[in-house]
Amino acid sequence: MLQNQDTMKILSNSTSKFPTFLLTGIPDLESSHTWTSIPFCCFYAIAFSGSSMILFVITTQQSLHEPMYYFLSMLSATDLGLTVSTLSTTLGILWFDAREISLYSCIVQMFFLHGFTFMESGVLVAMAFDRYVAICDPLRYTTILTNSRIIQLGLLMITRAVVLLLLLLLKPLYFYRMNALSHSYCYHPDVIQLACSDIQANSICGLIDLILTTGIDTPCIVLSYILIIHSVLRIASPEERHKVFSTCVSHVGAVAIFYLPMLGLSLVYHYGRSAPRVVRSVMANVYLLLPPVLNPIIYRVKTRQICKAVLSLLLPK
């Protein structure tokens with residue numbers, strides 16, 4: 001009985017409802033964080049300026065007020081949110097070695113980080129549906145994707161993200177007073193591994209969230225492209241096939257740079273525990289930085305209307 005009381009006393013002294021987390025920069029490169037910050041600053045600048053530029057162009061150019069570009073503006077907004085949600089902690093570590101973050105700040109960062117991730121996955125599904133309707137049922141395109149329906153889809157994405165986040169953060173956990181995280185931001189699987197209380201419910205909720213996002217969104221995107229390919233192969237002219245397929249290149253690129261790093265990070269977490277810490281850190285940063293950096297570049301290069309609008313904005317007559 002006395003031993004149990006001593007154990008409870010030690011546990012109560014070492015755990016806290018308001019712990020402090022220590023974020024990690026690039027492992028084994030702590031002495032070079034000033035130099036490491038240079039490429040990170042470049043990536044953040046490219047992501048922020050690229051997404052902002054596309055949002056501004058679509059908002060101001062009347063000719064771009066079409067369903068495809070509305071969805072592209074949603075994608076740019078989620079990319080902008082992902083960029084901003086990790087900017088302060090990542091650069092804070094690299095510039096000022098500001099590693100400490102409170103539980104409240106960590107929860108807020110997880111809310112926005114995972115929320116924008118869920119929304120981006122939903123936007124990619126909506127964009128796949130847009131391409132399916134435009135190619136397979138072009139005569140009804142404007143009647144199916146009306147402005148009100150696009151607004152409803154946007155609200156549905158936001159609602160789904162909030163519900164999944166509430167499910168993810170529903171059960172409170174206890175942590176030790178000081179906890180060292182593996183990344184420069186608060187990532188839910190990384191955080192719950194440090195809990196000193198039962199995390200079974202949190203792990204189950206995380207799995208449910210994964211099934212309701214990636215588990216549903218990915219098959220929907222694949223199915224839409226199977227139908228698109230089936231429809232395009234019935235077109236006799238090779239030139240027409242090439243023209244139709246070219247309208248999907250940008251979206252396929254956006255899907256690849258979003259899901260492939262996510263898959264890589266999941267594999268590293270589940271099967272690569274013996275991998276060097278620097279590999280996990282690089283994969284975690286690639287997972288969040290690659291889509292915001294590359295999406296604006298892909299759409300500016302591959303979408304003629306966006307390219308023309310950006311050029312007219314940068315190089316006015």
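Model, not experiment: these values are computed from the prediction.
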Under 3.5 Å donor-acceptor, Ser85 side chain and Leu82 backbone: yes

In one Ile/Leu/Val/Met/Phe/Trp/Tyr side-chain cluster, 4.5 Å: Val255, Leu223: yes

For a side-chain contact (heavy atoms from CB on, under 4.5 Å) check, start with the C-alpha distance between Phe21 and Leu103, then their side-chain angles and the critical distance, and finish with the verdict. CA-CA 7 Å; Phe21 293 92; Leu103 176 62; 3.6 Å; yes

Please say which of Asp209, Asn202, Ile204 ends up in a side-chain contact (heavy atoms from CB on, under 4.5 Å) with Leu167. Asp209

With a 3.5 Å distance limit and no angle check, can you tell me whether His33 reaches the backbone of Trp95 through a side-chain donor-acceptor pair? no

Compare all side-chain heavy atoms of Pro292 with those of Phe48 and state whether any distance is below 4.5 angstrom. no

With a 6.0 Å cut-off on the ring centroids, do Tyr225 and Tyr132 count as close? no

Residues Ser237 and Glu239: side-chain donor-acceptor under 3.5 angstrom: yes

Give a yes or no on whether a salt bridge exists between Arg160 and Asp217, defined as a side-chain N under 4.0 angstrom from a carboxylate O. yes

Do Val108 and Phe111 have side-chain heavy atoms sitting under 4.5 Å apart? no

Could you check whether Ser105 and Ser102, counting side-chain N and O atoms only, form a donor-acceptor pair closer than 3.5 Å? yes

Exercise: do Gln305 and Tyr69 side chains pair donor with acceptor under 3.5 Å: yes

For the side chain of Ser73 and the backbone of Tyr70, is there at least one donor-acceptor N/O pair under 3.5 Å apart? yes

So how far is it from Arg177 CZ to Cys196 SG, rounded to the nearest 0.5 Å? 10.5 Å

Heavy-atom closest contact (Ala284 atom, Tyr185 atom, distance): O-OH, 2.8 Å

Enter the distance from Ile26:CD1 to Ser281:OG here, rounded to the nearest 0.5 Å. 3.5 Å

Rounding to 0.5 Å, atoms CG (Leu22) and CD1 (Ile93) come to a distance of 9.5 Å

Could you tell me whether a side-chain N or O of Asp137 sits under 3.5 Å from a main-chain N or O of Val133, the two making a donor and an acceptor? no

Tell me the closest heavy-atom pair linking Thr24 and Arg99, and the distance in Å. OG1-NH2, 4.2 Å

Checking Thr86 against Leu113 for the side-chain contact (heavy atoms from CB on, under 4.5 Å) test, could you report, in this order, the C-alpha distance in whole Å, the side-chain angles of both residues, the deciding distance, and whether it holds? CA-CA 8 Å; Thr86 60; Leu113 176 65; 3.8 Å; yes

Under 3.5 Å, is there a donor on one side chain and an acceptor on the other for Gln109 and Thr89? yes

Separation between CG (Leu289) and CD1 (Ile257), nearest 0.5 Å, reads 11.5 Å

Can you see whether Ser51 engages Ser76 through a side-chain donor-acceptor pair at a distance of less than 3.5 angstrom? no

Could you go step by step and tell me if Tyr141 and Asp130 meet the side-chain contact (heavy atoms from CB on, under 4.5 Å) rule? CA-CA 8 Å; Tyr141 181 72; Asp130 169 80; 2.4 Å; yes

Nearest atoms (heavy-atom pairs only) where Thr213 meets Leu164: CG2-CD1, 3.3 Å

Looking just at side-chain N and O atoms, do Ser182 and Tyr187 make a donor-acceptor pair shorter than 3.5 Å? no

From OG1 (Thr117) to CE (Met110), nearest 0.5 Å: 12.5 Å

Has Thr146 got a side-chain atom pairing as donor or acceptor with Thr143's backbone, closer than 3.5 angstrom? no

Could you check whether the rings of His188 and His114 sit parallel, tilted or perpendicular, using 30° and 60° as the cut-offs? perpendicular

Is there a side-chain contact between Phe129 and Ile144 in this structure, where contact means two heavy atoms from C-beta onward sitting under 4.5 Å apart? yes

Same apolar cluster: Leu80 and Phe116, side chain cutoff 4.5 Å: no

Between CG on residue Leu153 and CE on residue Met127, distance to nearest 0.5 Å: 13.0 Å

Exam field: side chain Thr90 to backbone Leu87, donor-acceptor pair closer than 3.5 Å: no

Is a donor on one side and an acceptor on the other found under 3.5 Å between the side chain of Ser37 and the backbone of Thr34? yes

Looking only at heavy atoms, what is the nearest atom pair of His230 and Arg234, with distance? O-CG, 3.6 Å

Is any side-chain heavy atom of Cys186 closer than 4.5 Å to a side-chain heavy atom of Leu181? yes

Determine, step by step, whether Leu75 and Glu120 satisfy the side-chain contact (heavy atoms from CB on, under 4.5 Å) criterion, reporting the C-alpha distance in whole Å, the side-chain angles of both residues, the deciding distance to 0.1 Å, and the verdict. CA-CA 6 Å; Leu75 183 68; Glu120 180 146 349; 3.7 Å; yes

What about Val163 and Ile158, same hydrophobic cluster or not, with Ile/Leu/Val/Met/Phe/Trp/Tyr joined at side-chain heavy-atom distances under 4.5 Å? no

Any donor and acceptor pair, going by atom type alone, linking the side chain of Thr247 with main-chain N or O of Val244 inside 3.5 Å? yes

Main-chain N/O of Leu227 paired with Ser231 side-chain donor or acceptor, under 3.5 Å: no

So which atom in Arg131 and which in Met68 form the shortest heavy-atom distance, rounded to 0.1 Å? NH2-SD, 3.8 Å

